[in-house]
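Proteins get letters first, then strands, A, B, ... in listed order; numbering begins at 1 in each. No hydrogens, no waters, no symmetry mates; every other heavy atom, side chains included, goes into these values.
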Amino acid sequence: MAHRPVDPNQSFPDLEQEVLQRWRERDVFRESLRRRQGAEPWVFYEGPPTANGRPGAHHVLARVFKDIYPRFKTMRGHYVERKAGWDTHGLPVEIAVQKKLGIENKKEIEEYGIAEFNRQCRESVFEYLEEWDALTERIGFWIDLGDAYRTLDATYIESVWWALRQIYDKGLLYEGHKVVPYCPGCGTALSSHEVALAYRTVKDPSVYVRFPVVEDGGPLQRGDELLVWTTTPWTLVSNAAVAVDPELTYVRAKTGPLEAPVVLAEALVERVLGCDDVKVLERFPGAAIDGVRYEPPFSYIPGREYGERGHSVLLGDFVTADDGTGLVHTAIAFGEDDFQLGWRYGLNVVNPVRLDGTYDERIGKYAGRFVKDADADLVEDLRARGKLLKSEEYEHAYPFCWRSGDPLLYYAKPAWYIKTSQLRDRLLAANDSVNWHPEHIKAGRMGNWLENNVDWALSRERYWGTPLPVWRCEEGHLHCVGSFDELEELSGVRLEDPHRPYVDEVGFPCPSCSGRMQRVPEVIDVWFDSGAMPFAQHHAPFENAERFGARFPADFICEALDQTRGWFYSLLAISTLLFDRSSYENVVCLGLILDKDARKMSKSVGNVVDPWTVIDEYGADAFRWYFFTAKQPWDGYQFDTERVGDGVRFFLKQLWSTYSFYVLYANANAIEEPPAEPGTELEAWILSRLGDATETVTRGLDEYDTTTAGRAIAAFVGDLSNWYVRRSRRRFWDGDPAAFGTLRECLLTVAKLLAPFAPFVADELYDNLDGSEPSVHLCDWPAPRPRDLDLERDMAVARETVRLGLSARTAAKVKVRQPLREAVVVAAGRERDAIEALADVVREELNVKELRFVERADELGSYEIKPNYRTLGPRFGKHMPAVAEAVGSLDPAIVADALREGRHIGVSVGGTDHEVGPDDLHLRLEPLEGYQLEREASHAVALDLSLDDDLRREGLAREVVHAVQNARKAAGLAVEDRIALTLGGDGELLDAARTHEAYVSGETLAVEVAYDGDGKGEPATIEGLELRIALTRA
RNA sequence: GGGCGAUUAGCUCAGCCGGUUAGAGCGCUUCUCUGAUAAGGAUGAGGUCCCAGGUUCGAAUCCUGGAUCGCCCUCCA
């Protein structure tokens, strides 16, 4: 037998296991690379996941999109290397280890020992590696896991050091004193993307505090009170100054309950003081009170410590009158604006808060308390001392540490930065060269982010990460080490493991003075690690410089939308810093997966989908197919496992049963490799449609649009199964080579088109139908067959005719099994030609003896003429209503005739004559009452419903055949089994069967038919008459 | 608070460089075909294309404003 028999009820998950086994045995992935060695590379970069957690459905999403395009490009002839990668450093890893060890903070880590702590991190990072590898293989994501880059490898780290040295040499790496979001629990500053992870809406105190003016100045007098608003009372102890907007109008106002006049923005008087009893004494711009001195709310830190302008009014352009009082409390160490303002006025940074988030000894009785917890007592203190105007609650979004859950403090700290803001224009230019999918990311999300670029806060005061390769001596001289060789030259030490704590122990003499250099304590942001992968994965430039050069930039990367600020940015920033260009050309940006009720998947809600359950139930192909075709991936998914099942039922099963149909009859007819030459119009048509599908799929994948591409495959398979095969079954029973050749060609091409989408089922089809290569994935992408557009259009008309005819049958309640004498088709010109050319198909499908054409439907209905707005609109513009009216008043019969002959029609609009052609008008048939007629536009089908005895007998014969077929099926016979048939029962039925005995025996594969079956066999009922059917395998 | 995106049938989604009757599939009615298909075909019900304005001869489509949802950003003191 030429083909393996196919189980029509094949389980796809089982099938996939077999295919996986075949891929392993035949080493298909590596072979697909070997065959393209030397071909033009198409470069893919893997954005490294972290393997310290279980992979979820969203990882499957990313990984199947990372798979489909490399498979496609490989089939298109490119050499597509796929090097895997793992992100291994960072706080999440440390947190996991801390949890495991029961360690709460940095102090305890150091007591535990950095060496052992980092050893545990190194282990933990690959805790779920096996599951990642297993899932990766199971979903058919072809990537070289054996040659994965890992950010913890010494070679990788050395490349990162090289990159930092380049940046340092350009003067773009610096230590700054900046206000950063700081987590007192983790003891580290957070990057902006970490901050973004956990904003929560919280209620904080909202207090209005009175700051008495201590000397007359401008419009103010000693004793007046500045009204200052804040939501962080804990920062009031280090109040350094008050900021006002120089342009904004302020007032000095007297209000009933208060003795002294108060100062605030005019726009906020009503909201802050209430509307009653307020007397405005003065109005003046903020600039008028520049320099006014006041008494701070707490006296722990004397004004002189801040410098000349301590505890005075400063001018700041960030002040608004949207909230508060228009006078802004400024605490230099705890806010970016505050810090900037202080810097401009030369104020000193005084920070009375320790790294653990508690006040230091300068803050008297509050010393040692966690600052956020002191809010309430501080407010009480103010109230007791008569400094408070009022205190409320304020609801706003406040950032928390995404790991520890502690509230973040904005905090002035020394940190290392990369001066990316200096390269803003270059970053924008690099971004401009990228093709984003979807397109709006470029100018939108990514573009906006780059426009507002701030320097990259690079350093982390942590342990498990790439050490910042900066050494410093006691004099403050700096040296950035760019390689292990250099470090060895300087220090005489060759590092086995460049991680902390070993690297911390390496010191060397300062090149500039007599001091000794030690490394600064920080490690770097993990995003710098992953962003360095284009060269670091190859240990370039130390090794493989050429290899790197040939694989830079990437043609394609793909990650979820949240990487805009993550990997997409770090890749872009690093390559712009080093090479002044983007490291990628095409990006597919995937949306988030929500559950079926559109809620975000989270462990706490318990709605996380375990990918294995989906794969076990429906298979990897189905899972992939869902992601590729359910919708455009960037809009995100409302994931419902049942939708995955739909794809199996309506697409994969349909394809599978078409395939099993082929194999069944090809084997039955001993057909092996039939020629793909069309024998009929129907075959020419399906091959033309195949060309169409090939073009659409190719274009779709070229444009990173799997949705359109995949849906085109499904549409084609629908046509193949529901029209071509359905209308051609007899030819397969008869063993017609052209039919087999056509269907095989279609299935094999579908297998190739489908290979990147559903690599398992595609390979199974290919292997069983052709198999000349070890796998479909080693084949070339199919070239589109030539189209026959006229034929495609004709077939559409014929199918429409059939639809109308069937509809007419339904309306007349006449079964399709009952043959009818004639269908009257109203059609002319090209439509008529089309239907005539495909008359056999139409007749068979409608089960009518004849098609009769009428050009004019006068006896069936009347025409109505409608203007074609699409063509006439642009021509006539605002005269369209008049045109529509003119068209409406034409004589339909005359117009119909004229159009049929292709003549133009004259219409008069506003006294001017115009000509309109056939394309400018739509004809629409209005049926007369009393006719059984189905119509669409100018095209209609009517049925002759009169029956004579012959037709009736023929109908009954078909009923008999139908009943016998059911009996065959019930008896469990194979489709090719011959039978001996014995019929009995009602005389009219037997008479019909006898009359059409050749037909009956041919259809039912009966080698003999007897009519003496009364009382024998299984009873069946046809139109109320009894039929007895007895059959045996002959 | 700012930016970006989304909102079309019960469900999942097309359509959207304006063209007058808004589509598909699923689900649901009714009927039906079958020597591959727990399939197919026909049929019916089901839509204020989120809302309100505007531009236009004509708006699901373009503009403005708003609502809701999602994501991202944001020290708003």
In whole Å, what separates the [atom1] atom of [N] from that of [M]?
N	M	atom1	value
B:G15	B:C49	C1'	10 Å
B:G53	B:U61	P	14 Å
B:U30	B:A45	P	15 Å
B:G19	B:U64	C1'	24 Å
B:U29	B:G40	P	16 Å
B:A22	B:U48	C1'	14 Å

Taking side-chain hydrogen bond (donor to acceptor under 3.5 Å, both in side chains) as the definition, give me every residue that meets it alongside [X], ordered by chain and number, with sequence neighbours left out.
X	result
A:H962	A:R817
A:S660	none
A:T235	A:T232, A:H329

Taking only nitrogen or oxygen atoms into account, show me every contact under 3.5 Å that the protein makes with nucleotides 2-4 of chain B, one pair per line with its distance.
from	atom 1	to	atom 2	distance (Å)
B:G3	O2'	A:N448	ND2	2.2
B:C4	O2'	A:H440	ND1	3.3

Separation of [X] atom [atom1] from [N] atom [atom2], in whole Å?
X	N	atom1	atom2	value
A:Q632	B:G70	CD	C1'	18 Å
A:K631	B:C26	NZ	C1'	16 Å
A:H329	B:C76	NE2	C1'	14 Å
A:W634	B:A14	CH2	P	11 Å
A:F568	B:C72	CZ	C1'	13 Å
A:N452	B:C76	CG	C1'	15 Å
A:L590	B:C71	CG	P	16 Å

Short N/O separations, protein against nucleotides 35-41 of chain B, under 3.5 angstrom:
from	atom 1	to	atom 2	distance (Å)
B:G35	OP1	A:Q965	NE2	3.2
B:G35	O2'	A:Y665	OH	3.0
B:A36	OP2	A:Y665	OH	3.1
B:A36	N6	A:S721	O	3.1
B:A36	N1	A:S721	OG	3.2
B:A36	N3	A:S657	O	3.2
B:A36	N3	A:S657	OG	3.3
B:U37	O2	A:S657	OG	2.8
B:A38	OP1	A:K653	NZ	3.4

Checklist entry - Could you walk me through whether A:Y294 and A:N239 pass the side-chain hydrogen bond (donor to acceptor under 3.5 Å, both in side chains) check? => result CA-CA 11 Å; A:Y294 63 87; A:N239 170 271; 2.5 Å; yes
Item to check | salt bridge (Lys or Arg N to Asp or Glu O under 4.0 Å) partners for A:D920, two or more places apart | outcome: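 A:R875.
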Item to check | Residue pairs involving residues 325-335 of chain A (criterion salt bridge (charged side-chain N to carboxylate O under 4.0 Å, His left out); sequence neighbours excluded) | outcome: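 Qualifying pairs, neighbours excluded: none.
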Checklist entry - If the sugar-phosphate is the primed atoms plus P, OP1 and OP2 and the base is the rest, what is the B/S/- string for nucleotides 55-66 of chain B, using protein heavy atoms under 4.0 Å? => result --B---------
Taking side chain to side chain contact (heavy atoms under 4.5 Å, CB included) as the test, write out the residues that go with [X], two or more places apart.
X	value
A:N448	none
A:T707	A:Q632, A:P633, A:D705, A:R711
A:Q965	A:V961, A:R968, A:E1003, A:T1004

Checklist outcome for this item: Under the rule of Watson-Crick or G-U wobble with both distances under 3.5 Å, where | means paired to another strand and [ ] a crossing pair, RNA chain B maps to (((((((..((((.....[...)))).(.(((.......))).).....(((((..]....))))))))))))....
Checklist entry - A:R817 side chain N/O closer than 4.0 Å to the phosphate oxygens (OP1, OP2) of B:U34? => result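 Answer is yes, contact under 4.0 Å.
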